[in-house]
Amino acid sequence: MKKEEIKELSIQELKAQIEASEKAYRELKVTHAISPIDNPAKITKDRRDIARLKTVLRQKELAAMAETSGK
C-alpha cells in the first residue's frame, strides 16, 4: 500500500489491515523456511508495510486522544 492510501484508512480499517498483513507475513516466513520463495525481498517489504501501518495507527490514536483531552 502507498502512504497516501494508508493515511486515508480509519482506525478500525488499519487494525484489520495490520492483522491481515501480519498473518500473511507469518505464513510467508514459514513458507520461506520450508522452501525458498521466488522473491525473498517481499519478506522485507511486508515487514516494512506492517511497520508503516502501525505508525499511522499510532499517530491517529494519539490525535484522537489529544482531541478528546482538548475538549
Side-chain angles (χ1 to χ4, degrees):
M1 295 184 86
K2 294 185 178 183
K3 293 176 189 175
E4 295 81 26
E5 294 172 352
I6 293 172
K7 289 182 180 181
E8 292 174 0
L9 298 174
S10 70
I11 291 177
Q12 291 78 19
E13 291 171 331
L14 280 169
K15 288 180 180 179
Q17 184 66 35
I18 289 170
E19 185 176 323
S21 295
E22 285 179 337
K23 183 175 187 248
Y25 174 73
R26 284 191 303 270
E27 290 174 2
L28 187 64
K29 290 282 286 183
V30 168
T31 302
H32 184 64
I34 295 170
S35 64
I37 58 175
D38 294 336
N39 185 7
K42 179 157 175 36
I43 295 171
T44 304
K45 181 187 174 297
D46 287 355
R47 188 175 64 240
R48 288 182 180 169
D49 285 343
I50 292 169
R52 199 172 287 121
L53 287 165
K54 287 182 176 182
T55 299
V56 172
L57 175 63
R58 184 66 179 148
Q59 289 172 345
K60 288 185 182 249
E61 287 174 341
L62 289 174
M65 286 175 42
E67 182 179 303
T68 304
S69 65
K71 288 186 177 181

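Note that the coordinates shown come from a computational prediction; the quantities given were computed from them, not determined experimentally. FYI, the numbering just counts along the sequence from 1.
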Hits for side-chain contact (heavy atoms from CB on, under 4.5 Å) against Ser35, two or more places apart or cross-chain, chain-then-number order -> none
Would you mind listing every salt bridge (Lys or Arg N to Asp or Glu O under 4.0 Å) that reaches into residues 2-18, with sequence neighbours excluded?
none
Applying salt bridge (Lys or Arg N to Asp or Glu O under 4.0 Å) as the test, list every pair that has at least one member in residues 18-44; sequence neighbours left out.
Glu22-Lys54, Lys23-Glu27, Lys42-Asp46
Which residues, ordered by chain and number, are linked to Leu28 in its hydrophobic cluster, where ILVMFWY side chains connect at heavy-atom gaps below 4.5 Å, directly or through other members?
Tyr25, Ile37, Ile43, Ile50
First locate atom OG1 of Thr44, then atom CG of Asn39, and finally report the distance between them rounded to the nearest 0.5 Å.
9.5 Å
My understanding is that only residues two or more places apart in sequence, or in another chain, count here; which of them pass side-chain contact (heavy atoms from CB on, under 4.5 Å) with Lys60?
Ile11, Leu14, Val56
With sequence neighbours left out, the residues meeting salt bridge (Lys or Arg N to Asp or Glu O under 4.0 Å) with Arg52 are Asp49
Validation row: Val30, Ile34 side chains within 4.5 angstrom (heavy atoms):
yes
